[in-house]
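A quick write-up on the structure given underneath.
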Amino acid sequence: MKGKKTNLRDADCAIARALQATGDWWSLLIVRDAIAGKQRFGEFQKSLGLAKNILSTRLKKLVEEGIFRIEPDEESRRTHRYVLTPKGEGLGIILIAFWQWGEGACFKPGELKDTMVDRVKGLPLARLQLSAKDGRTLGPREYRRVEKGAHGRPQPGRRPPKRQAVRPVQ
């Protein structure tokens, strides 16, 4: 069924719902550019080379999801700016995780010419690590999903509910 998109809005998985909110790779690249300082439609369009109708659709969705808010543009009464909300800024760590994964998995040694550095000292970013609350570093097979208890704490030994089937958007 070409043209039907799966709706993950009610999925019982935080990853699935996050993917529903962000949409696709263009949306994450728009957020990447916003974190770098771009705020105007034309800036995003020039940077991404994305067709105006596709960019407009993606920006509209990002505003509806609360990732951007629209503000008047002080430089022009006819335009507005797309400003990241705290929800949108929270995607910054996801983008760094993608960057760091991409460095190691998608480039040959020496092929990638850029690196991520902090703005204050210009030092390379440390590799992101997953840590338990007690400070232990966790590997990819050292965590699991469990159902939260009445007070939001995981209940030891409880497995998550069976995965809900995802439905195509009608």
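Just so it is clear, the model here is predicted, and its values are computed rather than measured. Residues take their numbers from the sequence shown, with the count starting at 1.
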Kindly compute the distance separating CG (Leu29) from CG (Leu55), expressed to the nearest 0.5 Å. 11.5 Å

Is Glu71 salt-bridged to Arg69, cutoff N-O under 4.0 Å? yes

Flag yes if Leu95 and Val117 sit in one hydrophobic cluster, no otherwise; membership is Ile, Leu, Val, Met, Phe, Trp, Tyr, and two members link when side-chain heavy atoms are under 4.5 Å apart. no

Quick check against the 3.5 Å criterion: does Lys113 have a side-chain atom that pairs as donor or acceptor with the backbone of Gly110? yes

Start with the C-alpha gap between Trp99 and Asp114, add the side-chain angles, then the distance that decides, and say whether side-chain contact (heavy atoms from CB on, under 4.5 Å) holds. CA-CA 10 Å; Trp99 178 278; Asp114 297 327; 4.0 Å; yes

If two hydrophobic side chains count as joined below 4.5 Å and joins carry through other members, does Leu128 share a cluster with Leu138? no

Shortest non-hydrogen contact from Val63 to Ile70? CG2-CG1, 3.9 Å

Reported CD1-to-CD distance for the pair Ile15 and Gln20, which is rounded to 0.5 angstrom: 14.5 Å

So, for Thr22 and Leu62, which heavy atoms are closest and what is the spacing to 0.1 Å? O-CD2, 4.3 Å

Applying a strict under-4.5 Å side-chain criterion to I, L, V, M, F, W and Y, I'd like to know whether Ile94 and Ile67 cluster together. yes

Considering residues, nucleotides and ligands other than Lys60, do more than 12 of their heavy atoms fall under 6.0 Å from its NZ? no

Could you tell me whether a side-chain N or O of Thr57 sits under 3.5 Å from a main-chain N or O of Asn53, the two making a donor and an acceptor? yes

Side-chain contact test, heavy atoms from C-beta onward, threshold under 4.5 Å: evaluate it for Asp118 versus Lys121 and give yes or no. yes

Salt bridge Arg145-Asp12, side-chain N to carboxylate O under 4.0 Å: yes

Distance (rounded to the nearest 0.5 Å) between Ile35 CD1 and Leu28 CG: 9.5 Å

Between the side chains of Arg9 and Glu65, is the shortest nitrogen-to-carboxylate-oxygen separation below 4.0 Å, so that they form an ion pair? yes

Atom CD of Glu142 and atom CG of Leu130: how far apart are they, to the nearest 0.5 Å? 9.0 Å

Nearest heavy atoms of Ile30 and Phe44, plus distance in Å: O-CE2, 3.5 Å

Is it possible for you to say whether Leu112 and Leu125 belong to one hydrophobic cluster, with membership spreading through side-chain heavy-atom contacts below 4.5 Å? yes

From CZ (Arg81) to CD (Gln39), nearest 0.5 Å: 4.5 Å

Before accepting this row, confirm whether a basic side-chain N of the pair Asp24/Arg58 lies closer than 4.0 Å to the acidic partner's carboxylate O. yes

Gln100 side chain near Ile96 side chain, heavy-atom distance below 4.5 Å: yes

Below 4.5 Å, heavy atoms only, C-beta onward: do Gln45 and Leu50 meet side chain to side chain? no

For a quick test of reading the model, state the closest non-hydrogen atom pair linking Arg136 to Asp134 and the distance between them. NE-OD2, 2.8 Å

Would you say Trp25 and Leu8 are hydrophobically clustered, going by side-chain heavy atoms of ILVMFWY under 4.5 Å? no

Is atom CG of Leu123 surrounded by more than 12 heavy atoms (other residues, nucleotides or ligands) closer than 6.0 Å? yes

Around atom CZ of Phe98, are there more than 12 heavy atoms of other residues, nucleotides or ligands at under 6.0 Å? no

Report the distance from atom CG of Leu84 to atom CG of Asp33, rounding to the nearest 0.5 Å. 10.5 Å

For Arg127 against Glu103, the heavy-atom pair lying closest together: NH1-OE1, 3.2 Å

Between Glu64 and Lys61 (salt bridge meaning N to carboxylate O under 4.0 Å), is one present in this structure? no

At their closest point, which heavy atom of Cys106 faces which heavy atom of Trp101, and how far apart are they? SG-CZ3, 3.6 Å

